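Presented below is the structure to which this report refers.
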Amino acid sequence: MMMANDIRPEPSAKTGERLLDVKGLTIEIETRNGPATIVDGIDLHVDKGETLGIVGESGCGKSLTMLSMMRLLPNKIKVTKGEANFAGRDLQKMSNSELRKVRGGEVGFIFQDPMTSLNPVMRIGQQLAEPLIYHRGMSKAEARKRAGELLKLVGIPGAEDRLDAYPHELSGGMRQRVMIAIGLACNPQLLIADEPTTALDVTIQAQIVDLVKDLRDKLGMSVVWITHDLALIAGLVDRINVLYAGTVVEDAPVDALFANPSHPYTQGLLASIPKLSDERSARLSSIGGTPPEPGRRPKGCPFAPRCPLVEAICHERVPTLEGLNHDGAHRVACFVAQRKLEAA
Amino acid sequence: MSVVPMTTTPIEIEPPVSLWRDAWHRLRRNRLAVFGLIVVVILAFAAIFGPYLTPYDFLSQDLNSRNMAPSLSHLFGTDDLGRDVFSRVVYGTRTAFLVAIVVTFIAVLIGVTLGALAGFFGGWLDRIVMWLTDMTMSIPNLLLVVVINASLKSPITSWMESRYLATLNPVYRETIWVDFLLVFGSMALISWPPYARLVRAQVLSIRSRPYITAAQALGLTNRIILMRYVVPNALGPLIVAVSAGLGTAMVLESAFSFLGVGVNPPTPSWGNMISDGLRVWQHYPHLLAAPAAVLGLASVAFSFLGDGLNDALNPRGAK
Amino acid sequence: MAAQPLMRIENLVKHFHVRLGAFGERAATVHALDDVNFDIFEGETLSLVGESGCGKSTTGFTLLNLHRATEGKVIYQGKNIVELDEKAMRPYRRQLQIVFQDPYSTLNPRMTIGEAVGEPILFHKLATKAELKDRIATLLADVGLPPRFASRYPHELSGGQRQRVAIARALACQPKFIVCDEAISALDVSVQAQIINLLLDLQQKYGLTYLFIAHDLAVVRHISDRVGVMYLGRLAELATREELFEHPLHPYTKALLSAVPEADPVHERSRKRQILQGDVPSPLSPPSGCRFHTRCPIAMDICGKVVPEWREARPGHMVACHAVTEGLPG
């Protein structure tokens, strides 16, 4: 609880206690022209029992931040600055073996592609039992029993019979349920879902979103849901962080974000989603240009080259996340938005 | 919700870089590859111009200065007939390059044609080509060369001698070409299958890429698709294979000459020089060391260059 | 809408024969497309939606004769084009174009943008060599790219820019009809909107007809005149966009629509979704009768036995469902 403007909204299950607190995390990638910054001093946090949505387009660093914090990325990508506190301990200072205990034990993961994230030559029962044996010290028989319960929990029909199935014998939706079961195996305090429905069809996607929602309410864990689809998480999350080029540009409770998007990038994103009420052939609002490549970040605000509201200062200085004065929980990193709202 | 009108801002991008130029940049940054390239260029230079620049003829004997140790007048010393070893090694480079280039050229020609046809058209053609490839690969290399030498060499040489006696045409006098013909032929015969397999695999993978379907959707003919879409995209791995293949062919030529089934004396080849040097290496180590060192250098250089080309043309992780 | 369709698809069937098992010992048939009937009218955008494996992309490929149809007809300009060989097909290829999903792999990495766009122009003799440069610049301008892009290679472009090039290449043929096969699915949200706008602009400018294949219903709702819903190789429902989204008849369409998330947290939290149970069955052995009956919330006895007829339930609203057509006369 270091920040001054630490006024959080108070929805249902939240206690206001920080579970994950990332401060000034900077991530660089080795390229052939030397290191390039992909994530630039990012700040974000998740409270106990809270569901955070991280939204951004490809290459904005949304998955990278979470994965690199857990040291799940190749050596080419490194955290160079900042800290990431999980339940009061700095993940960056942990040894690999300590961090391994956190991964899969206290923090569960679900990844985008359930086919490649599951080991194709191992029965799913074994894959489920593995973290239980490793993290919980269960016996094989206990772990198998628990694995069966987990498959039932994630709604796989005939759960016990499926323990001996191989991943290729299951459909995409079923595999993603298995992934969720693995993520939940050790009752994690935090579940990190990295675009878990992107590879799935829309009806299956709805099943998975509802499943995670149910499980969260049942198990009382925190969830970080990483996605590019604002609509998908509208009914799921408590709070949203919008990422652009490796920085959080807007941080707001979900209702405030949709009702009053304040960063021009958030506004552009929302405006480019087609609406029911649109006339056919009505032009969609779109954001011109493309996001900057890593290593070619502009000076000043990274969104300035594409921004419709850009001013001279935007090319000079990098805006920081500031709470808006009428709502401290709604923070935005934009000089123009901040000034406008202060004036109002 | 306030919707802000969005504008299009032109995004500046760098001047165009072709894939080839990009590969060249990557190659230049690879030290071993650059070393390999420099050695290959020097050797190629020696092969083309060397024999005109060396101070001695590779055949001229000087019985007064036999088995001399390396000195300023004879850089690599002289052999048992007083011939300048340096001049002979340089001429051996020409032999090695000639054999390597001709053999690789023939092998690539056969391999690429068969592989591309098999991969693109598939079906029975593919089955026949693959059967032929497997058959050829199952023949022991050395055995084949020895058999070809033993069975074909003397009939051809005696036929040429008889033609020379009958016509006095000098074309028939130089039986050295029989050596080359047999070496080229037998080596090409065993070298093409890897190229055929490589190209077939490439074509198969390229044929299923969306840009091929896109080209078909434009109505382009099979010939255009093959020439403009399939071949250029299969070229990278082929270049790598050719570079490595040249080195292999050189080593193979030396090996055959060493065993007496390749290029025969007095034409210098690194292989037959090594073979000669081996008999006296305890007394005159330079006779073995000079050709062996150059052969080793050439082999290593081609292999470094091949690896470098592989990395440069198939950059993993690059977009 | 003109009464005369630009293209008429009749009883189109596409089966793929595959071999299964470690040694390919079992032959099997993938029922990718079965008995599909619909018309495409000039100047309209007809969308096909459905989940993966429903046959929407196969429809696009088959009606352009990029896949050989197993049975059925595709009538275009009075000719059944799916029975033509590659040579006889060539003049039609120019008029019937396609834009693919993945902008990263539909361009030949060894060809510059100018070469890629210029190639169909020269091949179909739509301009002389002297006019070519101007023509390429015009096409690039049409898709919102500056002329200097002509000398660039695909790997230097972003996904959205490559998709613009792919569109320019299709336009280079001066087509009448373009199949957009998931053409925007791989793009980021903000870029998606740019490409949708571009497609709409080009349709107006050149009077194009689109067959728009997509799985994103929000996008489909935005750009379509008519929408067809496919399930496991068959058309389930086809209607105008208003009809389909306001009055869906087929239970699968209803489930599909209810699964689409809306960008509205209050609405999303309170809404009751009709969530389909289970997964799409394998097209290797599709269910008998109505292919949806295994997951259908209102399935009846007849649904597992008899294939429902493709009928007009309301004017211009086609549907294949026993429950819907039961109440209809005759």
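Note that these values count all heavy atoms, side chains included, but never hydrogens, waters or copies made by symmetry. Just so we're clear, the structure is a prediction, and the values are computed from it rather than from any experiment.
Few gaps surround CZ on C:Arg295; more than 12 heavy atoms of other groups in view lie less than 6.0 Å from it.
For the pair A:Val237 and C:Arg269, the tightest heavy-atom approach, listed with the atom from each and the gap, is O-NH1, 4.4 Å. Between A:Ile273 and C:Ala263, the closest heavy-atom pair is CD1-CB, 4.2 Å.
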> Given A:Gln205 and C:Val260, is the side chain to side chain contact (heavy atoms under 4.5 Å, CB included) satisfied, shown in steps?
Replying inline: CA-CA 9 Å; A:Gln205 171 175 299; C:Val260 180; over 6 Å; no
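With a 4.5 angstrom heavy-atom cutoff, C:Asn197 touches chain A via backbone and side-chain atoms both. Neither the backbone nor the side chain of C:Asp216 comes within less than 4.5 Å of any heavy atom in chain A. For a residue to count as touching a neighbouring chain, one of its non-hydrogen atoms must lie under 4.5 Å from one of that chain's; by this rule A:Leu230 does not touch chain C. Interface remark: C:Leu256 contributes backbone and side-chain atoms alike to the contact with chain A (heavy atom separation under 4.5 Å).
Only one option out of A:Leu232, A:Thr197, A:Val209 pairs with C:Pro261 in a side chain to side chain contact (heavy atoms under 4.5 Å, CB included); it is A:Leu232.
Donor-acceptor pairing under 3.5 Å is recorded for the side chains of A:Glu57 and C:Ser190.
At distances below 3.5 Å, not a single donor-acceptor pair connects side-chain atoms of C:Glu268 with backbone N or O atoms of A:Ala231.
From A:Thr203, atom OG1 reaches atom NE2 of C:His215 across 11.5 Å, with rounding to the nearest 0.5 Å.
Ranked by heavy-atom pairs shorter than 4.5 Å toward chain C, the options A:Lys213, A:Gln207, A:Met174, A:His228 are led by A:Gln207. The greatest number of non-hydrogen atom pairs below 4.5 Å with chain C, out of A:Gly155, A:Gly235, A:Ala234, is found for A:Ala234.
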